[in-house]
Every structure is written in C-alpha cells, then in structure tokens.
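Take a look at the structure set out below.
The first residue of the sequence shown is numbered 1, and numbering continues consecutively from there.
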Amino acid sequence: MTRPIPKLDLDALKAIHASTHPLHTGMDFTLLTPPMKMSWEVVKDDLRLGRTSCIQIASPRYGKTEASRHVAARLAEEFPTAFVLWFDAQYYRETLPSDKRFFGDLLVSAGHSLAAAHEAERRKSRLIEYLWTSATELAGQRVILIIDEIQEMKPAHWRWLRDVWNALKRRGIKTQVVGFGQMQVLTVKNALKVAGEEGLISRFLSHVIVFQGLTTVEDFEEVGAAFDAELQHPVNSGLSYTQFRLPRAFSQGFRLRDQGSAVHTAFAQATPTGDLNVGMEWAMLAYRAYLMEAEDGDPPQHVDDRAWRTAVETARYTESLSFATQ
C-alpha cells in the first residue's frame, strides 16, 4: 500500500534529495511492468500444466532479466514446495563448452560450498544430489531452473542438462526449465534440429514465445501510473517521481497516467513499419526525458504531443529499431 504523501516543504525536500534522485543521476530504477506481469502469467500457466520448459525471447533491452528475477521471486510464493534456482548463461558467449565448468557454475548459482572442487563427473553427481535434497527438503518433487541469456547455451550444455533432468526423474523429481533470451534461441533450435536432436528440442525448446514490450495505450497508462505513485524517492517516502519533478502540476491533478495515449502515439509515429512493441529501455528513457524537460506549473488543458515526440527522439528509439526484431 502506498503511504500518504508527507506534509513536508517540497522545495526543501527536493533540495535535500535532488542530487541522489535517479532522474537526475541517470541511475536505473525498477518497476513492475505490464510485460513482466504477462511473463509471469505465461510461466505460471506452463508450470501448472506441467510443461518441461518455457522459453521467452526478445531483442536486447526489453527487460527480460528483470522479468526473470520477478518470476523467480513469484515462484517462491506460488510454488513453495518447489526448489527454484536462477542461473545466468551469459558467460558462455565466447567460450568452448566445458562440462566441468557447466556443473560448477550451476553449483555456484545454488550457493554450494564445494562448487569448485573435483572433476566434471563429481560435480555433476554433487549437483544432482543437491537438487534432489533441496527439493525433498521442501516436501516437494519439483526443481524449477530459471536460465537468463539462454541463447548462449550450446548443444553440449543442453545435453548435460538432459543428463541432470534424467537423473532427477529417476529419483522422482520433476525438472522444469524457464528460459529468457534473445532471438538467437531460434538459431540454436534450428541447429539442434539439423543435428537430429529432436529429443532436446521436445524437452527444452518446444515452447518458445516472444516476450512482449509495451504495445497498447493501457500499457503506457500503467507505466505512467507507476511514476505517479509506485516509484518514490526517497524510497517509501510517499513522494512519487511525478510529484518530485512537477509538484505544482501534481497538486492540481497532473498525472503521467493520463498521458498514456500521447506516449503511445509518439512511439507509434516513430515506428516506420510493423506493430508497436517498445522495449522497456526506451520507454524508461522517454519518460525520464519528458519529466526532466517538463516545466512545472498549472496542468495543461490538453496533452502536449510535441513534448512526447521530443522525448521519444531523445530516447533514440528509432535508432534501436535497426537491431530490434518486431
């Protein structure tokens, strides 16, 4: 629940905290976005259906890593008897596959005290034993492995993961994989098909879906509402980002939520072809640019479309489309 806005001198409060405010410093800030909520719903449904895997892919900077961590946190709430392990595969981008390293990295992610000891087979045995023990201690029979940057997994990594999957199955434990990665996952899937590895595809890569960005007016309204209430500095102060930057306008009813249609239009006009699908990187940059350039005062009687077009240009959204797949 959002705390009431404190009755403080806003000018004095801004003077104290302006130098550390994320809008001024350029530091990142995180909010629960519509794509993250949708991602969680997909994962939740797949796990309840019993799918072995669910892989969500998108171009870079769409908020996949944040979504993966949100999913990990929600899993602990919704599936308390499942052992959840979050794993980052990005470091396999330019390295030759090594089973010793792979099993060791999984042990490190699990916080195992002996992750660096012994050779590959001992590490694999230790990993299997640890996952089995962790699942049974929770009075459950399930391990959920969340893999970020999953496009970096090579065919050998999938084969080693299959060994773990099979070993746990023999001991009565169901393993499910939730992956987040870039579009190259489709290339990996095709390579496995050419290599005759249909078993790996059916087990781990049969359900590959696109992780969406912001697409609708409602999406932008929800993000704007977060700036109006959820995002606060200082944290839990009750002073939202919108009020911090535009206190007079805010006091007279100005809300970024009401700007949703204008933001959507500005991004749509900057998208030359295809359906609108805005990554969170550029959405956040546009909102930041708008707030930093807006002049405080009486709330406008109409939406300033030009200001949002300028904010989208400042975010360099159009440039991002050269490598983003819509």
task: Could you check Leu131 against Leu168 for side chain to side chain contact (heavy atoms under 4.5 Å, CB included), going step by step and ending with a plain yes or no?
output: CA-CA 8 Å; Leu131 295 177; Leu168 289 173; 3.9 Å; yes
| Does the side chain of Asp99 come within less than 4.5 Å of Lys124's, by heavy atoms? | no
Please tell me if the side chains of Arg203 and Arg162 come closer than 4.5 Å, counting only heavy atoms from C-beta onward.
yes
Query - Sub-4.5 Å side-chain heavy-atom contact between Arg255 and Thr242 - result: no
Heavy-atom closest pair (Lys189 atom, Ile201 atom, distance to 0.1 Å) is O-CD1, 3.5 Å
With a 4.0 Å cut-off on N to O distance, would you call Glu78 and Arg48 a salt bridge? yes
Report task. State plainly whether the residues Lys193 and Glu198 are in salt-bridge range, i.e. N to O under 4.0 Å. Result -> no
**Report entry** Gln184, CD: over 12 other non-hydrogen atoms inside 6.0 angstrom
**Finding:** yes
Connected to Ile144, directly or through other members, by ILVMFWY side-chain contacts below 4.5 Å are Trp40, Val43, Leu47, Val71, Leu75, Phe79, Val84, Trp86, Ile146, Val178, Phe180
Counting C-beta onward and ignoring hydrogens, is there a side-chain heavy-atom pair between Ile173 and Thr136 closer than 4.5 Å?
yes
When rounded to the nearest 0.5 Å, the distance separating CD of Glu281 from CZ of Arg316 is 12.0 Å
| message | Parallel, tilted or perpendicular: which one describes the rings of Phe254 and Tyr290, with boundaries at 30° and 60°? | response | parallel
Looking at Glu119, I'd like to know if its CD atom is crowded, meaning that more than 12 non-hydrogen atoms belonging to other residues, nucleotides or ligands lie closer than 6.0 Å. no
For Phe102 and Leu161, the nearest pair of non-hydrogen atoms, with its separation, is CE2-N, 4.0 Å
| Do side-chain atoms of Ser39 reach the backbone of Pro35 as a donor and acceptor pair under 3.5 angstrom? | no
Across all chains, not counting sequence neighbours, the side chain to side chain contact (heavy atoms under 4.5 Å, CB included) partners of Ala89 are Phe87, Tyr92, Ile147, Met153
Notebook entry, point to check: Would you call Val42 and Ile209 a side-chain contact if the rule is heavy atoms closer than 4.5 Å?
Noted result: yes
Taking atom CG of Leu96 as the centre, does the number of heavy atoms from other residues, nucleotides or ligands within less than 6.0 Å exceed 12? no
For the pair Thr25 (side chain) and Met27 (backbone), establish whether a donor and an acceptor sit closer than 3.5 Å, ignoring hydrogens and angles. yes
Output for pair (Asp275 CG, Thr215 OG1), nearest 0.5 Å, gives 9.0 Å
- Query: Do Leu276 and Leu285 share a hydrophobic cluster (ILVMFWY, side-chain heavy atoms under 4.5 Å, transitive)?
  - Reply: yes
Worksheet item: If we only count heavy atoms from C-beta on, is the Arg306 to Arg309 side-chain gap below 4.5 Å?
Response: yes
Inset, instruction - Dump the intermediate steps for ring-ring contact (aromatic ring centres under 6.0 Å, His included) on Phe220 and Trp308, then the final yes or no. - result: CA-CA 12 Å; Phe220 289 99; Trp308 280 111; 8.8 Å; no
Smallest heavy-atom separation, Pro97 atom then Ala156 atom, equals CB-CB, 3.8 Å
*Would a distance-only check, ignoring hydrogens and angles, find a side-chain to backbone donor-acceptor pair under 3.5 Å from Glu221 to Gly260?*
no
Q) Does Tyr317 reach the main-chain N or O of Val278 with its side chain, forming a donor-acceptor pair under 3.5 Å? A) no
**Prompt:** Among the clusters formed by ILVMFWY side chains lying less than 4.5 Å apart, do Ile57 and Met36 turn up in the same one?
**Reply:** no
One should read off an interatomic distance between Leu32 CG and Leu231 CG, to the nearest 0.5 angstrom, of 10.5 Å
Residues passing the side chain to side chain contact (heavy atoms under 4.5 Å, CB included) test with His233, sequence neighbours excluded, are His17, Thr20, His21, Pro22, Tyr241
Those residues at least two apart in sequence (or on a different chain) that pass side chain to side chain contact (heavy atoms under 4.5 Å, CB included) with Asp296 are Leu246, Pro247, Arg248, Ala249
Q.
Counting only heavy atoms not in Arg171 (residues, nucleotides, ligands), do more than 12 fall under 6.0 Å from its CZ?
A. yes
I'd like to check Ser320 versus Arg61 (side-chain heavy atoms, cut-off strictly below 4.5 Å). Are they in contact? no
With a 4.5 Å cut-off on side-chain heavy-atom distances among I, L, V, M, F, W and Y, is there a chain of contacts connecting Phe29 to Met292? yes
In short, Leu214 meets Pro34 closest at the heavy-atom pair CD2-CD, 4.1 Å
Residues passing the salt bridge (charged side-chain N to carboxylate O under 4.0 Å, His left out) test with Arg69, sequence neighbours excluded, are none
So CG of Asp163 and CD1 of Ile128: to nearest 0.5 Å the spacing works out to 7.5 Å
With heavy-atom distances below 4.5 Å as the criterion, would you say the side chains of Leu200 and Pro155 are in contact? no
Look at the side-chain heavy atoms of Ile, Leu, Val, Met, Phe, Trp and Tyr, link any pair under 4.5 Å apart, and say whether Leu186 and Phe204 land in one connected group. yes
From the list Leu127, Leu145, Thr175, side chain to side chain contact (heavy atoms under 4.5 Å, CB included) with Val164 holds only for Leu127
Q.
Grouping I, L, V, M, F, W and Y whenever their side-chain heavy atoms are under 4.5 Å apart, do Val208 and Met38 come out in a common cluster?
A. no
The reported gap from CD1 in Ile150 to CD in Gln56 (rounded to nearest 0.5 angstrom) is 11.0 Å
* Report yes or no: does Ser68 contribute a side-chain atom to a donor-acceptor pair with the main-chain N or O of Thr65 at less than 3.5 Å? => yes
CG of Leu205 to OG of Ser53, rounded to nearest 0.5 Å, is 6.0 Å
Residues 135-158 vs salt bridge (Lys or Arg N to Asp or Glu O under 4.0 Å), sequence neighbours excluded, gives Arg93-Glu152
Q) What do the steps show when you test Lys44 against Arg74 for side chain to side chain contact (heavy atoms under 4.5 Å, CB included), and what is the final call? A) CA-CA 9 Å; Lys44 180 175 65 174; Arg74 290 299 306 273; 5.6 Å; no
Stepwise side chain to side chain contact (heavy atoms under 4.5 Å, CB included) test for Phe267 and Val263: CA-CA 6 Å; Phe267 274 109; Val263 190; 3.8 Å; yes
Nearest heavy-atom contact between Leu31 and Met284 is CD2-SD, 3.5 Å
* Asked: Is the centre of the Phe103 ring less than 6.0 Å from the centre of the Tyr130 ring?
  -> no
Tightest non-hydrogen contact, residues Val312 and Ala270, listed as CG1-CB, 3.9 Å
message = For Gly50, is there any backbone N or O sitting under 3.5 Å from a side-chain donor or acceptor partner on Lys174?
response = yes
Run the side chain to side chain contact (heavy atoms under 4.5 Å, CB included) test on Ser134 and Val143 for me, step by step, so that the C-alpha distance in whole Å, both residues' side-chain angles and the decisive distance to 0.1 Å come before the verdict.
CA-CA 8 Å; Ser134 299; Val143 169; over 6 Å; no
Open item on the list: Would you say Gln232 and Ser240 are linked by a side-chain donor-acceptor pair, where the criterion is simply a distance under 3.5 Å?
Closed with: no
